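Okay, structure first, notes after.
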Amino acid sequence: MKKTILSKLLFTLVIGLFAMTNTFAQTTNTNGTYDAIHSVLVGSEYDYNVVLNTTGGNDNTYTWRVLNAATNAEIEVIATDGSNEQTITWSGAYAVNGEKVILQVEEYGDHGDGKVCSQISQIEISFTTDLPVIAFVTPDHTLCSTEGTNVSVKFNGLAPWDITIVDDKGVAGKVISDLNIGDTGLSAVDADGYYTYTYSVAENLLVSPDADVVHSLTITAFVDDNVRKNAGKLNGDLTGDIDVDITVYQLPQISTINHN
Amino acid sequence: MKKLYLLIAFTVGLVHFAIAQDQQVTLGTSDDYSVTAVPGYTYTWTVDIAGTSTDVSGVTGNLINILWDKAEGTFNITVFATETATSCISETETISVQVLGQSSVLFAAADDAQTCSDLIGNVAGGGASGGSSSFQVQFTGGLAPYELKYKILDPLDAQVGPEVTVSGLNATASIDVPNQFINEGAGNAIYKIVIVSGTTKDGASVDIATDVADNTRTITVLPKPKLTGGITF
């Protein structure tokens, strides 16, 4: 039975990403337009997929292409193997800081009678060589022994993030793994694209029974999803304000109450 | 070893905090309370206002004087130090003070005494003479030990000698009055032992029972037997 072109036009292709939290909006069949942008670090490797669609034809094969974002001209055919999944390392000649390309997937449905219909879905890929940056928001400050405090860091980049803060006295540091949007302690993104993460250091950890103690905190590791998927990068930008000192004052010493 | 450590830790924890009472005082007395002064520290004191009319809210030094003038009971005094340079505060120290009520005293038993007259020169005249007459007293309230003063009145109610002070008395005690009385008369001589005053350990006055039966005891001094006519031979 012939299937109408109209029914084919009603297909919905969805582009998703394996094992990632950077999900993009569901696209409808719109040739030449895209409604999702993936900002990638040059050299990073990502897995892409479209949902395997079993309607509208018998073969459901896929062709993956890279197009010029300005002209839609084809730059590269990544694959014509019919797979709905592709792993792409963005290291081609077109992967230049500040430039953009379109990643296009075309699905074909061969009806076996000589008629092959297709639909496309695509997203914009923008390239950057800028590493995500991180810095302490918390300034150097002082506490009385047994007071707690909050420590805040500000950063950009793509979720999820891994952050390691080391305290040279061993109590006020933090290892944060797979920090994601919506997690406790993480703010909403600000107008400049930065997030702030805050954690509390409990008062019973900051005790100075004998003398004043300086806790020197340092951000030693910072990875966003782009860095994580980039074989050539170990960390984001750690050249900012990545050190903070928290001085904990010894409590005043008071004797027992004497009476006559 | 773990159990011993836990026992020690538990005991140390108890010592740090106030136990049932750290001090006892008598209602109406005042006391100084202090902590060791440290330069650069100010001190914040609080006292249960149910026990005292003393206002310590403005005190910043390491010493206060509290007049326990309001009620019997147990009241806390707390203090903490603030280091001026850092605004950090110390742990709080607390003591618990038990205020004991007004004290009173009376003779506790019906133990009027009798003795023989001394001979001339305060030589023992037999019987209880040469010894002492013992009288039970009972203190209630206030802080022991107590001090008591009594006087001796002769049969004409004239005071004999100075008032006598007896110290270190517990709530139930005895005072011993030396039997040094001479009775040259033909009949018995009644001497009175009268409680004059009392004082608690912390200097509060002790109320004296107003009933004579409670504040006075007697020593009956029997007259000396008389020999007449000398020795005949």
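The chains referred to below are lettered A, B, ... by the order of the sequence lines, with proteins before strands, and numbering in each begins at 1. Keep in mind that this is a model prediction, so the values were computed, not measured.
In terms of heavy-atom proximity, A:Pro252 sits nearest to B:Ala81 at CG-O, 4.0 Å. What you find for B:Ile89 and A:Leu251 is that their closest heavy atoms are O-CD2, 2.9 Å.
The environment of CD1 in B:Ile49 is sparse: at most 12 heavy-atom neighbours from other residues, nucleotides or ligands sit within 6.0 Å.
A search for side-chain hydrogen bond (donor to acceptor under 3.5 Å, both in side chains) contacts involving B:Ser132 returns nothing, not counting sequence neighbours.
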Counting backbone as well as side chains, what donor-acceptor pairs lie under 3.5 Å between chain B and chain A?
| from | atom 1 | to | atom 2 | distance (Å) |
| --- | --- | --- | --- | --- |
| B:Gln23 | NE2 | A:His259 | ND1 | 3.2 |
| B:Asp32 | O | A:Asn260 | N | 3.4 |
| B:Ser34 | N | A:Asn258 | O | 2.8 |
| B:Ser34 | O | A:Asn258 | N | 2.6 |
| B:Thr36 | N | A:Ser255 | OG | 2.8 |
| B:Thr36 | OG1 | A:Ser255 | OG | 3.4 |
| B:Tyr41 | OH | A:Gln253 | N | 3.2 |

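With a 4.5 Å cut-off on non-hydrogen atoms, B:Ile77 touches chain A through its backbone and its side chain both. Contact annotation for B:Val79: both backbone and side-chain heavy atoms come within less than 4.5 Å of a heavy atom of chain A.
Legend: salt bridge (charged side-chain N to carboxylate O under 4.0 Å, His left out) pairs involving residues 60-79 of chain B, not counting sequence neighbours: none detected. Among pairs with a residue in residues 161-173 of chain B, those fulfilling side-chain hydrogen bond (donor to acceptor under 3.5 Å, both in side chains) read B:Gln138-B:Thr172, B:Glu147-B:Ser167, at least two apart in sequence or across chains.
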